[in-house]
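This report refers to the structure that appears directly beneath it.
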Amino acid sequence: PTVGIIGAPFSKGQPRGGVEKGPDLIRTAGLLQKLQEQGCEAKDYGNLTFDEFPDDEPVGQVKNVRAVGSANQRLSEAVKAVKKDGHTTVMLGGDHSLAIGSIHGHSAAVGQLSVVWVDAHADINTPLTTTTGNMHGQPVSFLLHELQSKVPALPNFSWLKPCLSARDLVYIGLRDVDPGEHYFLKFLGVKVFSMTEVDRLGIGKVMEETCDYLCTRGNNPIHLSYDVDAIDPTVTPATGTPVVGGLTYRDGIYITEQIRHTGLLSAVDMVEVNPLRAQTEEGVRSTVSTAVDLLLGCFGRLREGNHPQDYVPP
Ligand code: DIR
Ligand code: MN
Ligand code: MN
Ligand code: MN
């Protein structure tokens with residue numbers, strides 16, 4: 001499996017500076033070398049650059065619409081190209097509004113996808129239900145066929161066509177869901193494993209049910225969109241909107257091992273790492289190294305250990 005890494009140092013989907021530092025922090029923690037050490041060929045496509053929009057006035061409630069639309073158009077093209085080049089893409093964010101371009105570009109390259117969205121939040125507000133105006137709380141609404149009548153036309157979004165069906169989406173880790181979001185999840189019948197289900201079933205059964213569900217949906221290529229705030233803030237405090245009561249480090253890693261095990265993983269987002277949000281340096285280190293470990297889990301690292309296929313002990 002070869003990995004194509006795309007850095008997306010973009011923060012305008014939310015108000016807190018620092019999340020644009022995510023890609024370089026994750027690289028500096030040794031992602032490339034560690035992937036290569038575990039026998040995984042990886043190519044770094046570098047960081048994207050994004051146009052500035054000095055007069056990006058709010059559209060209704062929604063902030064930085066033009067910047068977010070433009071950045072995601074660029075990201076979509078980049079992900080599509082790296083997929084066409086034959087790689088499993090890794091998009092390093094940046095904030096979670098970038099899932100719009102990442103999932104759109106992935107789908108443009110390979111067709112119908114399954115999306116596993118691991119997050120404390122559902123990110124399914126529309127521009128009309130959002131109470132914060134932050135686009136990182138809205139990407140799913142832009143992507144779903146079923147919500148198109150609910151999403152108004154916005155500047156720099158005319159390129160975007162919905163590419164995901166609600167039945168091809170699974171959430172894991174939810175614990176901070178707005179009323180409008182909860183309505184959409186119920187109305188659309190989305191498969192949701194909130195922290196309540198993680199508590200009831202344990203992560204083992206959650207992943208068994210997730211993988212069975214995706215299997216009945218036709219074994220489509222999987223897009224794993226991983227918001228680091230899904231993990232408990234004791235482990236990943238360096239993030240913009242931490243929520244108590246999250247996944248353990250072990251739950252988080254187990255999700256990646258099982259998604260990897262399906263053999264269907266085709267693209268990953270790792271988003272919302274923000275070094276300016278932790279109280280301590282140790283908090284930053286723990287967050288970044290967890291993000292790296294989650295990515296290593298996506299690409300074959302097993303806690304039981306690994307050895308190369310052709311390995312012969314001396
Ligand atoms: C909230 C928070 N639901 C919003 N969302 C966050 O802004 O729409 N998403 N933090 O990651
Ligand atoms: Mn290549
Ligand atoms: Mn998110
Ligand atoms: Mn989140």
Side-chain angles (χ1 to χ4, degrees), residues 8 10-20 22 58-65 68 71-72 75 91-103 115-144 147 150-151 154 164 169-186 190 192-195 198 223-247 251-252 255 267-274 276-278 287 290-291 294:
F10 180 81
S11 68
K12 299 222 165 88
Q14 51 82 64
R16 290 156 287 264
V19 75
E20 73 285 350
V59 179
Q61 275 263 91
V62 187
K63 300 163 188 160
N64 305 322
V65 171
V68 172
N72 276 288
L75 176 59
M91 187 279 284
L92 303 177
D95 72 67
H96 217 167
S97 69
L98 294 162
I100 296 172
S102 184
I103 290 172
V115 172
V116 179
W117 195 282
V118 185
D119 202 323
H121 311 91
D123 296 355
I124 195 171
N125 275 303
T126 70
L128 303 175
T129 67
T130 178
T131 57
T132 64
N134 300 330
M135 293 209 67
H136 77 156
Q138 309 174 43
V140 175
S141 75
F142 285 81
L143 293 163
L144 285 179
L147 285 182
K150 300 281 185 194
V151 177
L154 293 176
L164 180 65
L169 172 61
V170 179
Y171 283 101
I172 302 171
L174 302 190
R175 57 192 182 278
D176 181 9
V177 176
D178 299 333
E181 295 187 296
H182 188 250
Y183 176 90
F184 289 139
L185 294 177
K186 292 294 172 189
V190 178
V192 175
F193 297 98
S194 75
M195 288 312 297
V198 175
H223 187 111
L224 175 62
S225 202
Y226 218 124
D227 185 329
V228 82
D229 74 28
I231 310 295
D232 194 82
T234 54
V235 179
T236 57
T239 192
T241 54
V243 188
V244 295
L247 298 169
D251 293 337
I255 292 168
V268 186
D269 308 322
M270 186 57 62
V271 299
E272 300 282 0
V273 171
N274 186 338
L276 302 187
R277 299 304 296 176
T287 304
T290 299
L294 293 170

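Start at 1 and go down the list; that is how both ligands and their atoms are numbered.
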Looking only at the side chains, is there a donor atom on one of Asp119 and His121 sitting less than 3.5 Å from an acceptor on the other?
yes

Are the side chains of Phe10 and Asn64 in touch, meaning some heavy atoms are under 4.5 Å apart?
no

Scan residues 235-247 for pairs that pass side-chain hydrogen bond (donor to acceptor under 3.5 Å, both in side chains), counting only residues two or more places apart or in two chains.
Asp229-Thr241

For His136, check ring pair (Phe, Tyr, Trp, His ring centres under 6.0 Å) against everything at least two apart and list the hits.
none

Just wondering, do Tyr171 and Val140 contact through their side chains at under 4.5 Å, heavy atoms?
yes

Val118 side chain near Ile255 side chain, heavy-atom distance below 4.5 Å
yes

So the atoms of ligand 1 within less than 4.0 Å of a heavy atom of Thr241 turn out to be 10 (N)

May I ask you to identify, for Asp123, whether its side chain, its backbone, both or neither come under 4.0 Å of ligand 1 on a heavy-atom basis?
side chain

Write out the residue and atom name of the closest protein heavy atom to atom 1 (C) of ligand 1, then the distance separating them to 0.1 Å.
Asp178 OD2, 3.6 Å

Below the 3.5 angstrom mark, is there an N/O of Asn125, backbone or side chain, next to an N/O of ligand 1?
yes

With respect to Gln138, which candidate in Leu128, Val151, Val68, Asn125 satisfies the side-chain contact (heavy atoms from CB on, under 4.5 Å) definition?
Asn125

How about Thr126 and Phe184: do any of their side-chain heavy atoms sit closer than 4.5 Å?
yes

Are the side chains of Asn134 and Pro15 in contact, using a 4.5 Å heavy-atom criterion?
yes

Nearest heavy-atom pair of Gly17 and Leu276: which atoms, and what distance?
O-CD1, 3.6 Å

Going by chain and residue number, what protein N/O/S atoms come nearer than 2.8 Å to the Mn ion (ligand 3)?
His96 ND1, Asp119 OD2, Asp123 OD2, Asp227 OD2

the protein heavy atom lying closest to atom 7 (O) of ligand 1 turns out to be Thr132 OG1, 2.7 Å

For ligand 1, is any non-hydrogen atom under 4.0 Å from Glu181's backbone (N, CA, C, O), its side chain (CB onward), both, or neither?
side chain

Provide, to 0.1 Å, the distance between atom 2 (C) of ligand 1 and the closest protein heavy atom, together with that atom's residue and name.
His121 CD2, 3.9 Å

Report, in ascending order of atom number, the atoms of ligand 1 lying under 4.0 Å from any heavy atom of His136.
6 (C), 9 (N), 10 (N), 11 (O)

Are any of the heavy atoms in His96 under 4.0 Å away from ligand 1?
no

Report the residues that fulfil side chain to side chain donor-acceptor pair (under 3.5 Å) with Ser97, sequence neighbours left out, ordered by chain and then residue number.
Asp95

Which bit of Asp227 gets closer than 4.0 Å to ligand 1, counting heavy atoms only: side chain, backbone, both or neither?
side chain

